[in-house]
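Report on the structure given below.
Chain A is the first sequence line, chain B the second, and so forth, proteins listed ahead of strands; every chain is numbered from 1. In this text, all values refer to a predicted model and were calculated from it rather than measured experimentally.
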There are 2 protein chains.
Amino acid sequence: MPAPKRDHLIATAQRLIAREGFKGVSVDRLLQEAGVAKMTLYKGFKTKDELILEVLRRRDSELRDWFMRSVESASDDPRERLLAGFDALEAWAARPDFNGCLFVSALSEYGDDSAPAHRAAREHKRLLLDYVVGLCRDAGLPDPETTGRDLRLLMEGATVARLTLGQTDSYQRAKAMAKSLIDKQRV
Amino acid sequence: MPAPKRDHLIATAQRLIAREGFKGVSVDRLLQEAGVAKMTLYKGFKTKDELILEVLRRRDSELRDWFMRSVESASDDPRERLLAGFDALEAWAARPDFNGCLFVSALSEYGDDSAPAHRAAREHKRLLLDYVVGLCRDAGLPDPETTGRDLRLLMEGATVARLTLGQTDSYQRAKAMAKSLIDKQRV
DNA sequence: CAGCAAACAGACGGACCGGTCTACATGCCC
DNA sequence: GGGCATGTAGACCGGTCCGTCTGTTTGCTG
């Protein structure tokens with residue numbers, strides 16, 4: 001299958017899944033929405049589950065790449081980079097089709113730890129945490145592991161607040177809390 | 001339908017939904033798991049969707065009642081009550097069948113604002129926020145609306161951190177941030 | 001223009017979906 | 001013990017699920 005068509009399938013799947021859940025999107029509906037024939041899908045993917053996994057993999061690299069690029073282009077100061085993460089996520093969540101974090105959704109729909117989608121989601125969150133912890137380390141913070149987790153907690157909280165309450169300034173609120181958290185640790 | 005059987009059905013549905021998602025649990029499977037006949041279910045509920053709504057309603061009152069009771073029995077000091085909310089949620093998330101917040105899951109599976117489950121979930125979050133804002137007001141905080149939202153953000157973040165990273169101390173970390181947030185506002 | 005691979009639409013199979021219905025078992029009240 | 005409501009198991013319905021298969025159309029290549 002040519003790459004553009006494959007991308008289009010994955011992107012359409014992601015869009016539908018975001019609004020209706022992984023198990024709420026049927027293959028038939030996806031194909032109709034994407035304007036792709038069934039055989040084309042099954043030539044590129046063994047099963048629906050494999051397509052879903054590919055959606056998650058694609059989203060993982062997309063999101064982390066974009067997060068890292070945003071953060072690193074925002075500033076050279078490691079401490080400012082930490083805070084820039086909140087601005088990046090704010091822009092991400094401002095997209096009209098935002099419906100919370102796809103990986104959190106994946107975990108709630110695939111509660112079984114052995115499910116591939118479950119593992120992929122946890123892996124994504126782990127990698128994101130590792131990156132933030134690295135930023136904390138670069139910033140010379142005394143306990144990068146703990147502070148990294150705290151910052152991630154703030155980011156996740158902002159995402160949920162945005163989703164559940166439509167709170168558009170949630171990331172800025174989280175950023176303010178992050179700032180005071182970091183400032184408190186200055187030696 | 002007698003109340004105990006109805007409760008059992010709702011409780012079983014909630015347990016299954018928490019692990020497999022709303023759309024991942026079929027009526028047949030639910031009945032098998034609950035040991036209840038189909039006609040019994042459809043005597044008590046018009047459709048599967050109505051059962052799901054009842055699950056959410058039940059969970060909403062259960063969770064808020066329990067949250068309020070925990071908070072109010074923890075202390076008479078409004079400021080300490082705010083912090084006690086984190087301990088309450090920690091105990092809630094420590095249950096072995098914890099799989100994130102059911103209402104956040106509902107929002108991600110029912111992205112359409114007009115879906116009853118979507119509305120129920122938003123309503124729940126709104127009521128919870130209102131309660132926390134009330135606590136902030138009782139504590140005499142200068143901007144109870146904003147601080148209430150910030151505290152809720154911390155709680156949600158802790159829940160997601162617990163789910164995605166298995167971070168067992170997430171609520172205590174959030175509580176520490178909440179404490180510094182509140183202390184900062186002391187006049 | 002001929003030939004061919006690939007994408008197309010859509011029928012199809014077996015399983016399962018939500019929901020209705022029948023027939024049998026159980027227990028309770030008079 | 002007879003009548004009756006209630007719960008049971010499970011057949012059944014039309015529809016949809018995932019995945020396979022068959023033809024037809026398309027568009028590229030020699």
Side-chain angles (χ1 to χ4, degrees), chain A residues 1-57 105-106 109-112 114-118 120, chain B residues 1-58 105-106 108-112 114-118 120:
Chain A
M1 167 156 42
K5 190 162 296 255
R6 188 180 171 89
D7 288 351
H8 176 59
L9 256 178
I10 293 176
T12 305
Q14 183 194 306
R15 180 169 55 82
L16 292 179
I17 287 170
R19 291 217 77 76
E20 302 171 28
F22 291 89
K23 298 173 183 172
V25 178
S26 74
V27 171
D28 286 333
R29 187 155 139 45
L30 164 63
L31 293 173
Q32 186 190 354
E33 200 83 15
V36 169
K38 221 170 205 181
M39 277 313 290
T40 308
L41 187 156
Y42 282 103
K43 190 152 295 194
F45 304 93
K46 230 167 122 181
T47 63
K48 183 196 177 186
D49 283 339
E50 202 183 280
L51 167 65
I52 285 177
L53 260 184
E54 198 52 39
V55 168
L56 289 173
R57 276 195 280 260
S105 305
E109 282 196 63
Y110 300 97
D112 186 352
S114 65
H118 183 105
Chain B
M1 168 156 41
K5 190 163 296 254
R6 187 181 172 89
D7 288 350
H8 176 59
L9 256 178
I10 293 177
T12 306
Q14 184 195 304
R15 179 169 54 82
L16 292 179
I17 287 170
R19 291 217 78 76
E20 302 171 29
F22 290 88
K23 297 173 183 172
V25 178
S26 75
V27 171
D28 286 334
R29 188 155 138 46
L30 164 63
L31 293 173
Q32 187 189 356
E33 199 83 14
V36 168
K38 220 171 204 181
M39 276 314 289
T40 308
L41 187 157
Y42 281 104
K43 190 149 295 190
F45 304 93
K46 233 169 121 179
T47 64
K48 181 195 179 188
D49 283 339
E50 202 183 282
L51 167 65
I52 285 176
L53 260 185
E54 198 52 38
V55 167
L56 289 173
R57 275 195 280 260
R58 178 75 51 113
S105 306
S108 68
E109 283 196 62
Y110 301 97
D112 186 351
S114 65
H118 183 105

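Between the axis at the start and the axis at the end of the helix from C/dC1-D/dG30 to C/dC30-D/dG1 there is an angle of 0°, using five pairs per end and rounding to 10 degrees.
Counting non-hydrogen atoms of other residues, nucleotides and ligands closer than 6.0 Å to CD of A/Glu50 gives a total above 12.
Remark: B/Thr40 is not in phosphate contact with D/dG7, judged by side-chain N or O atoms under 4.0 Å from OP1 or OP2. Here B/Ser26 does not reach the OP1 or OP2 of C/dC16: none of its side-chain N or O atoms lies under 4.0 Å away.
A/Tyr110 and A/Ala115 get closest at one heavy-atom pair: CB-CB, 4.1 Å. A/Leu56 and A/Ala120 get closest at one heavy-atom pair: CD1-CB, 4.2 Å.
The side chain to side chain contact (heavy atoms under 4.5 Å, CB included) search around B/Asp49 returns B/Thr47, B/Ile52, not counting sequence neighbours. Checked against side chain to side chain contact (heavy atoms under 4.5 Å, CB included), B/Ala34 has the following partners two or more places apart in sequence or in another chain: B/His8, B/Leu9, B/Thr12, B/Val36. Listed by chain and number, the residues in a side chain to side chain donor-acceptor pair (under 3.5 Å) with B/Asp112 are B/Ser114 (sequence neighbours excluded). Looking at residues two or more places apart in sequence or on another chain, you find a side chain to side chain donor-acceptor pair (under 3.5 Å) between A/Lys38 and A/Asp28.
At a non-hydrogen distance threshold of 4.0 Å, nothing from residues 11-24 of chain B comes into contact with DNA chain C.
When rounded to the nearest whole Å, the span between CG of B/Leu41 and P of D/dG10 equals 17 Å. One atom, NZ of A/Lys5, and another, P of D/dT26, lie 14 Å apart when rounded to the nearest Å. A straight line from NZ of A/Lys43 to P of C/dA6 spans 7 Å, rounded to a whole angstrom. When rounded to the nearest whole Å, the span between CG of B/Leu31 and P of D/dT8 equals 10 Å. Regarding A/His8, its NE2 atom lies at a distance of 14 Å from the P atom of C/dA7, rounded to whole Å.
For the atom pair CZ (A/Arg6) and OG1 (A/Thr40), the distance works out to 12.5 Å, reported to the nearest 0.5 Å.
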With the criterion being N/O to N/O and under 3.5 Å, what pairs connect the protein with nucleotides 19-21 of chain D, and how long is each?
| residue | atom | partner | partner atom | Å |
| --- | --- | --- | --- | --- |
| D/dG19 | OP2 | A/Tyr42 | OH | 3.0 |
| D/dG19 | OP2 | A/Lys48 | N | 2.8 |
| D/dG19 | N7 | A/Lys38 | NZ | 2.9 |
| D/dG19 | O6 | A/Lys38 | NZ | 2.4 |

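Sequence neighbours left out, the pairs with a member in residues 13-25 of chain B that pass side chain to side chain donor-acceptor pair (under 3.5 Å) are B/Glu20-B/Arg29.
For the pair A/Leu53 and A/Phe45, the minimum side-chain heavy-atom distance is 4.5 Å or more. Side-chain contact between A/Leu51 and A/Val27 is absent, with no heavy atoms from C-beta onward closer than 4.5 Å.
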